[in-house]
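Here's the structure we're looking at; comments come further down.
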Amino acid sequence: RHRFLYRDGTEFLINEHATRVVVRWVDPLTLEDAVVYLLGPVLGFVMRLRGIVPFHASAVMIGSGAVAFVGEAGAGKSTTAGAFAALGYRVLSDDLLPLVEKDGRTLAHPSYPRLTVWPDSAAALFGSDDELPALTPTYDKRYLDLQSGQQFQDSPLPLNAIYVLGSRERARTGVTVRSLRPQAALMCLVKNTYGNYLLDGTMRAMEFDVLSRIA
C-alpha cells in the first residue's frame, strides 16, 4: 500500500494496516544502514497510520515524568539527552518520541534503546569519539547502547515539559529559558512532529487536535 524508496536504493514496503514492513537494500549498504531508516522515518510513518503522533524529539526521565527536547536539525537534541545519560538519567528517546493520550494525560512512550550523536558531540560528552562505536560501516555517527548501561527507560511516562532548543549564539553566555505563548508553542510542536510532510487531511486534523491540547 505504501512505498518508501531512498536515493541510495533502499526500499521499504508497508502494508495497508501498518502491521508488516518489508525492506530491500543493495550493496555496499548493510542491514545497519537500513535500520537507520527503519527506526526513524519509516516507523514514524507506521505510527501515523496507527493514529499515533510521533515527535522528532529526544526525551529523558526527570523525577517521575518525561521532559522532551525539540528543535531544528543540529540544535542539540541528542547531545542534550546524552548529557543527561552521562549524569545517570534514563533516556526514553533520542529521535522518535511517540505521544499517546490516555485518561486525560499525554504519555511519552520509549523508542529504541540507543542514542546516536556526531563524533564532535561524542568527544564532548565522553572525552573521545572513539569511546562510542560507529552507527554503521558507511555512516559517521556514533551510538551509545542505553540497554547495556541500564540507562534506558522502557515504560511510558507522563509528559511534564517540552523544551524548544534555540539556535546557539557564540556571543551569548549562560542559558536563557522563557515560556512560549500557546499559539507560538502550538506552531513549534507542529514543526517538530515526525513525517509531517506525508500527512493526508485526516492525519493533519488529528495532529492539530492532539497538539492543541498539549500546547
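Worth knowing before you read on, the calculation uses all heavy atoms, side chains too, and leaves out hydrogens, waters and symmetry mates. Sequence positions, counted from 1, serve as the residue numbers for this chain. All of these numbers come straight from a predicted model, not from anything done at the bench.
No chain of hydrophobic side-chain contacts below 4.5 Å, direct or via other Ile, Leu, Val, Met, Phe, Trp or Tyr residues, connects Leu5 to Val46. Under the 4.5 Å side-chain heavy-atom criterion for ILVMFWY residues, no single connected hydrophobic cluster contains both Leu146 and Leu38. Both Val35 and Leu29 belong to a common hydrophobic cluster when Ile, Leu, Val, Met, Phe, Trp and Tyr are linked at side-chain heavy-atom distances under 4.5 angstrom. Linking Ile, Leu, Val, Met, Phe, Trp and Tyr whenever their side-chain heavy atoms come within less than 4.5 Å puts Phe126 and Val117 in one cluster. Note on Val22: it does not cluster hydrophobically with Val42, by side-chain heavy-atom contacts below 4.5 Å among ILVMFWY residues.
The two residues Ala134 and Arg142 make their nearest non-hydrogen contact at N-NH1, 3.9 Å. Taking all atoms of both residues into account, the shortest heavy-atom contact from Leu96 to Pro98 is O-CD, 3.5 Å. Taking all atoms of both residues into account, the shortest heavy-atom contact from Ala66 to Ala108 is CB-CB, 3.9 Å. Pairing each heavy atom of Asn160 with each of Gly65, the nearest pair is ND2-CA, 3.3 Å. The minimum heavy-atom distance between Gly76 and Thr80, with the atom names listed, is O-OG1, 2.6 Å. The shortest non-hydrogen separation linking Thr116 to Ser78 is O-CB, 3.3 Å.
To the nearest 0.5 angstrom, Arg1 atom CZ is 9.0 Å from Leu49 atom CG. For the atom pair CD of Gln151 and CG of Asp145, the computed distance is 9.0 Å after rounding to the nearest 0.5 Å. How far OG of Ser111 is from CZ of Phe152: 5.5 Å, rounded to the nearest 0.5 Å. Rounding to the nearest 0.5 Å gives a distance of 11.0 Å between OH of Tyr112 and CG of Leu43. Here CH2 of Trp118 is found 9.0 Å from CG of Leu135. Values are rounded to the nearest 0.5 Å. Annotation: the span from Glu101 atom CD to Thr106 atom OG1 amounts to 5.0 Å, rounded to 0.5 Å.
Applying the salt bridge (Lys or Arg N to Asp or Glu O under 4.0 Å) criterion to Lys191, with sequence neighbours excluded, gives Glu72. In this view, Arg20 satisfies the salt bridge (Lys or Arg N to Asp or Glu O under 4.0 Å) rule with no residue, not counting sequence neighbours. Remark: Arg178 pairs with no residue by the salt bridge (Lys or Arg N to Asp or Glu O under 4.0 Å) rule, at least two apart or across chains.
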Could you go step by step and tell me if Phe45 and Phe12 meet the side chain to side chain contact (heavy atoms under 4.5 Å, CB included) rule? CA-CA 11 Å; Phe45 186 64; Phe12 291 87; over 6 Å; no
Would Leu31 and Trp25 count as a side chain to side chain contact (heavy atoms under 4.5 Å, CB included) here? Give the steps. CA-CA 8 Å; Leu31 171 64; Trp25 65 88; 3.8 Å; yes
Run the side chain to side chain contact (heavy atoms under 4.5 Å, CB included) check on Asp209 and Arg213 step by step: do they pass? CA-CA 7 Å; Asp209 185 42; Arg213 285 193 293 274; 2.9 Å; yes
Yes or no on side chain to side chain contact (heavy atoms under 4.5 Å, CB included) for Arg114 and Leu39, after CA distance, side-chain angles and deciding distance? CA-CA 10 Å; Arg114 184 175 68 188; Leu39 296 179; 3.3 Å; yes
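Looking only at distances, a side-chain donor or acceptor of Arg204 sits under 3.5 Å from a matching main-chain atom of Asn196. Between the side chain of Gln147 and the backbone N or O of Pro113, no donor-acceptor pair lies under 3.5 Å.
Taking a 6.0 Å sphere around OH of Tyr163, one finds it holds 12 or fewer heavy atoms contributed by other residues, nucleotides or ligands.
Cluster partners of Leu157, by chain and number: Met61, Leu92. The rule joins Ile, Leu, Val, Met, Phe, Trp and Tyr whenever side-chain heavy atoms lie under 4.5 Å apart. The hydrophobic cluster around Val210 extends to Val53, Phe55, Val70, Leu97, Leu99, Leu159, Ile162, Val164, Leu180, Leu186, Leu189, Val190, Met206, Phe208, Leu211, Ile214, counting ILVMFWY residues whose side-chain heavy atoms fall within less than 4.5 Å of a member.
Using bins of under 30°, 30° to 60° and over 60° for the plane-to-plane angle, the ring pair Phe84/Tyr89 lands in the perpendicular bin.
Among pairs with a residue in residues 43-70, those fulfilling side-chain hydrogen bond (donor to acceptor under 3.5 Å, both in side chains) read Arg48-Thr193, Arg48-Glu207, His56-Asp95, at least two apart in sequence or across chains.
The aromatic ring centroids of Tyr37 and Tyr6 lie less than 6.0 Å from each other.
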